[in-house]
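Okay, so here's the structure we're looking at.
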Amino acid sequence: MRVNYTIPLFFAALCCLPFALTATPNTDHVIEEVIVTATKREQGIYEVPSSLSVLDGGLLEERGIADLVDIGKFVPNLNVTTFSAGHTSSANPFIRGIGTQDHLITTDPGVGVYVDGVYLGRQVGQHWYLSNIERVEVLRGPQGTLYGRNSIGGAINIITAPPGVEPGAQISGRVGSRGRLDATFHGDTNLTGGFAMTLSAGIKQRGGLGKFLNLPNAAVDVGETRELSGRLALAWHPSPGFSLTMAADANDGENGLNPYTTMIDEVPGGAVYAAGYRNADVAADPYDNNTGQLDQTRVTNAARGIAVTAEWAFDDRLTARAIGSVRHSCYAAGLDDDGFFDDFMRFPEQGEADQASIEAQLHGDFDGLDFVTGIYRFTEDGANIQNPTVFLGLKGAFELSQEIDSTAVFANLSHGIADRWRVSGGVRTTRDNKRASTDVGIGLVSARRSWRETSWDLSVHFAMNDRLSAYATTQSGYQSGQFPARPYCLFSDPSCFAASDNITAVNYEMGVKGQPRDGIELSAALFHTRYDDLPYQVSTTAGAGFNTVNLIAEQRTTGFEWESMLYLTGGFRLHLTLGYLEVDVERRQGVRPVAPLTPKLTLSISPEYRRTLANGGEVAGRLDFSYRDSMWGEPSSAPGRFTRIGNRRLVNFNLGYTAPGDTWIIAVYGRNAGDERYDNARLNTGDYILRILSNDASEFGLRIERRL
């Protein structure tokens, strides 16, 4: 008998709430409700009828959060890994059991990542470094109405600081173990004629975790990172009712191959084992690498983007907004899968993508009735090329390209029906067109397909008082079908290069959020989500390479989320997050897939102490503990448990001093202080187990900020 612990956990948490409230909070502390734009209009976070986490941009450094992967350590039911083609600068977010661990152009992510309202279509080359950030909003559950396609798991909103709000300049530097050397600059100024400008630039460098033992002339170490980034934003306010903002950003990375190791002995029936190779042929230390191919040691990434946002306020009740963007991203990477000197199995790879999007919105607020409606257009053209691929010593080539054209119309309406009640509803109609082509060595094969889907949501919000609310919501999401990522099935079936049906999700959720008493802030949610026609990318071997099969199945996810902040007396406060998931996937073709990279339990505990000194300065100390339960490294659990990833416990700390007037900050820090080593993924190819290691390791150092 299978026991579902989610509902008992939910009620246990509610039962423990009175006990938590008996702690001695700081009744003098006033908690200001955070204003968010999760629903594409400004709202207090307690008014949003959805499970939502907000990370303050000013505290990211203190928490040891530098990128999207770090965010995945401290948000309930969120896990973010790096895997794509051995690249250190990719990000694969999974929310509530939904995400995509692949990176090829025909695979779309299940979690949407947005920067100032602009969707980032690709995962490689878009590893957004979190500098000059006002806040990060993580929405959990399908977001099909307001965010559209590819957000069936949730959405991550990155909101940058607007130009002209906080004039001044800030320079910061960080030095630490493992060759850490960072330097960043941020300037904000108001110019004449209603213009304002921000400029941000940074360099981030960190040493590797291993050596390329057979290649002493390699220019990088395993897992080494060298990143340059910059962003310029210019705002123009010619009148109180109109504003125009243009932002341009760029990043470049030249890094060492992500650490990984090959497990040959665990699959004795595989072709690699039969050829006489054993794990003794790979590096004894899994963070070293025994490759003999110099072109497999270095990975690169680059991205460029321009976004323009125009806003017209016709009066106090009606506002129009338009957001347009173009982006280009590219990378070079690849894996030498065999992990030894011989050129037996390797996949050097290059990829690029060009995207363009435009969204027009109309916002209204009329005496208790508010709405947002709009139209959206997104296009993308991208390709992946592996040349030459080497499989079992045989050389070939693999090419994959895809064009996407997506259009949508949406509307969301919210209306107060009584003093304390509010009803919201929305609808979005999307049409996607995809054209994909591939060449696995037997000639070019092309296919196309179109999808149309309508997503909707309906919610009820009840204000218990001015600071505490409850909600119930049902919401749907949509993702267009996908063409196979590695269709080596074409060797035996010329018709197998076909897209799957569209993917749909429906979520049922209820929750409570707000301040039950002075000094305490919390949110709790219980949910159940049904996913239909969900493709599980199960890898097999066929012909002359890997065949990624889209095994279509239904998934049911039930879970619970808790997030709270307790402000205690004496400058202490405690932040707690908890997520729990039960995921059930139906059996298809004699196989029961599992939700990959999805821990059942996620937990973080963050105590913090702040004290103001007599001279007006402040000392602050913070400890962040993160726990992610064991999980499967790929959608298939067979054979045995070789693709099972163990749990991990990570600890960050920060101890700093802020001078009077916030003129400068000095802090000592530790990230992954216990040096916990863990896996990002484990893939069973049928011939061997590919174990992708995390590039995370202990780091200790000094951080200095100077504000001018």
Side-chain angles (χ1 to χ4, degrees), residues 65-75 78-95 97-104 107 109-111 113 123-127 153 206 208-210 222-225 253 255-263 282-283 285-289 299 301 331 333-337 339 347 349 537 539 594-599 602 626-637 641-650 671-672 675-685 688-699:
I65 296 176
D67 50 39
L68 290 179
V69 175
D70 293 330
I71 287 179
K73 301 172 183 177
F74 302 109
V75 173
L78 171 65
N79 182 46
V80 185
T81 70
T82 60
F83 163 63
S84 307
H87 216 294
T88 55
S89 293
S90 65
N92 303 73
F94 282 72
I95 296 179
I98 295 296
T100 302
Q101 68 185 111
D102 210 336
H103 63 284
L104 295 186
T107 58
V111 175
V113 178
Q123 296 170 335
V124 182
Q126 305 272 24
H127 196 21
R206 184 172 66 174
L209 289 176
V222 177
E224 183 176 350
T225 58
N255 309 315
L257 182 68
N258 212 43
Y260 73 96
T261 188
T262 305
M263 301 163 66
V282 303
D285 184 339
Y287 290 91
D288 289 331
N289 194 297
V299 297
N301 64 278
Y331 70 92
L335 288 174
D336 182 11
D337 272 19
F347 305 91
E349 183 178 317
Q537 295 174 340
S539 296
V594 292
L597 303 177
T598 300
T602 56
S626 168
Y627 175 81
R628 292 299 182 262
D629 206 356
S630 59
M631 66 192 92
W632 293 107
E634 68 165 3
S636 174
S637 59
R641 299 178 65 85
F642 294 131
T643 57
R644 189 71 172 173
I645 297 174
N647 59 40
R648 61 178 182 261
R649 301 169 178 84
L650 306 177
R671 298 182 59 187
N672 192 2
D675 199 26
E676 181 93 351
R677 303 296 179 95
Y678 56 95
D679 296 350
N680 268 330
R682 288 195 179 195
L683 306 177
N684 172 29
T685 70
Y688 52 89
I689 306 295
L690 192 62
R691 181 184 170 200
I692 309 299
L693 306 172
S694 170
N695 199 32
D696 202 2
S698 63
E699 179 186 326

Using atom types as modelled and distance alone, determine if a side-chain donor or acceptor of Tyr678 lies under 3.5 Å from a backbone N or O of Ile645.
no
Looking at every heavy atom in both Arg628 and Val75, which two are closest together, and how far apart are they?
NH2-O, 3.1 Å
Please check: side-chain N/O of Asn92 versus main-chain N/O of Thr100, any donor-acceptor pairing under 3.5 Å?
yes
Tightest non-hydrogen contact, residues Pro259 and Gly223, listed as CD-CA, 4.1 Å
Hits for side chain to side chain donor-acceptor pair (under 3.5 Å) against Arg206, two or more places apart or cross-chain, chain-then-number order -> none
Counting distance only, does the side-chain N/O of Thr262 pair as donor-acceptor with the main-chain N or O of Leu690 below 3.5 Å?
no
Assess the side chains of Ser630 and Arg644: does a donor N or O sit below 3.5 Å from an acceptor N or O?
yes
Quick check: closest heavy atoms across Ala595 and Gly97, and the distance to 0.1 Å?
CB-O, 4.2 Å
I want to check something: taking the side chain as every heavy atom from C-beta on, are Leu683 and Ile689 in contact at a cut-off of under 4.5 Å?
no
Just wondering, do Leu209 and Asn695 contact through their side chains at under 4.5 Å, heavy atoms?
yes
Is there a donor-acceptor contact under 3.5 Å linking the side chains of Arg649 and Asn647?
yes
If we ignore hydrogens and angles and just use 3.5 Å, is the side chain of Arg648 paired with the main-chain N or O of Arg677 as donor and acceptor?
no
Arg671 side chain to Leu650 backbone, donor-acceptor under 3.5 Å:
no
side-chain contact (heavy atoms from CB on, under 4.5 Å) with Pro93: which of Asn79, Leu68, Val111, Ile71?
Val111
Do you know the tightest heavy-atom contact between Pro635 and Pro596?
N-CB, 3.7 Å
Answer with yes or no whether the side chains of Asn680 and Thr82 bring together a donor and an acceptor at under 3.5 Å.
yes
Flag the pair Leu257 / Val222 as yes when at least one side-chain heavy-atom distance between them is below 4.5 Å, and no otherwise.
no
Would you tell me whether Asn258 and Tyr260 have side-chain atoms, one donor and one acceptor, within less than 3.5 Å of each other?
no
Verify, without hydrogens or angle tests, whether Glu634 (side chain) and Asn684 (backbone) share a donor-acceptor contact under 3.5 angstrom.
yes
Does a side-chain heavy-atom distance below 4.5 Å link Thr598 with Trp632?
no
Can you tell if the side chain of Ser694 reaches within under 4.5 Å of the side chain of Asp679, non-hydrogen atoms only?
no
Sidechain-backbone polar pair: Asp70 side chain, Lys73 backbone, donor-acceptor under 3.5 Å:
no
Within the structure provided, determine whether Leu597 and Thr81 are in side-chain contact (heavy-atom separation under 4.5 Å).
yes
Please confirm whether the backbone N or O of Tyr287 pairs with a side-chain atom of Asp285, one donor and one acceptor, at under 3.5 Å?
yes
Starting at OG1 of Thr261, measure out to OH of Tyr688 and round the result to the nearest 0.5 Å.
12.0 Å
Compare all side-chain heavy atoms of Phe94 with those of Val80 and state whether any distance is below 4.5 angstrom.
no
Applying side chain to side chain donor-acceptor pair (under 3.5 Å), name anything that partners Glu349, two or more places apart in sequence or on another chain.
His103, Tyr331, Gln386
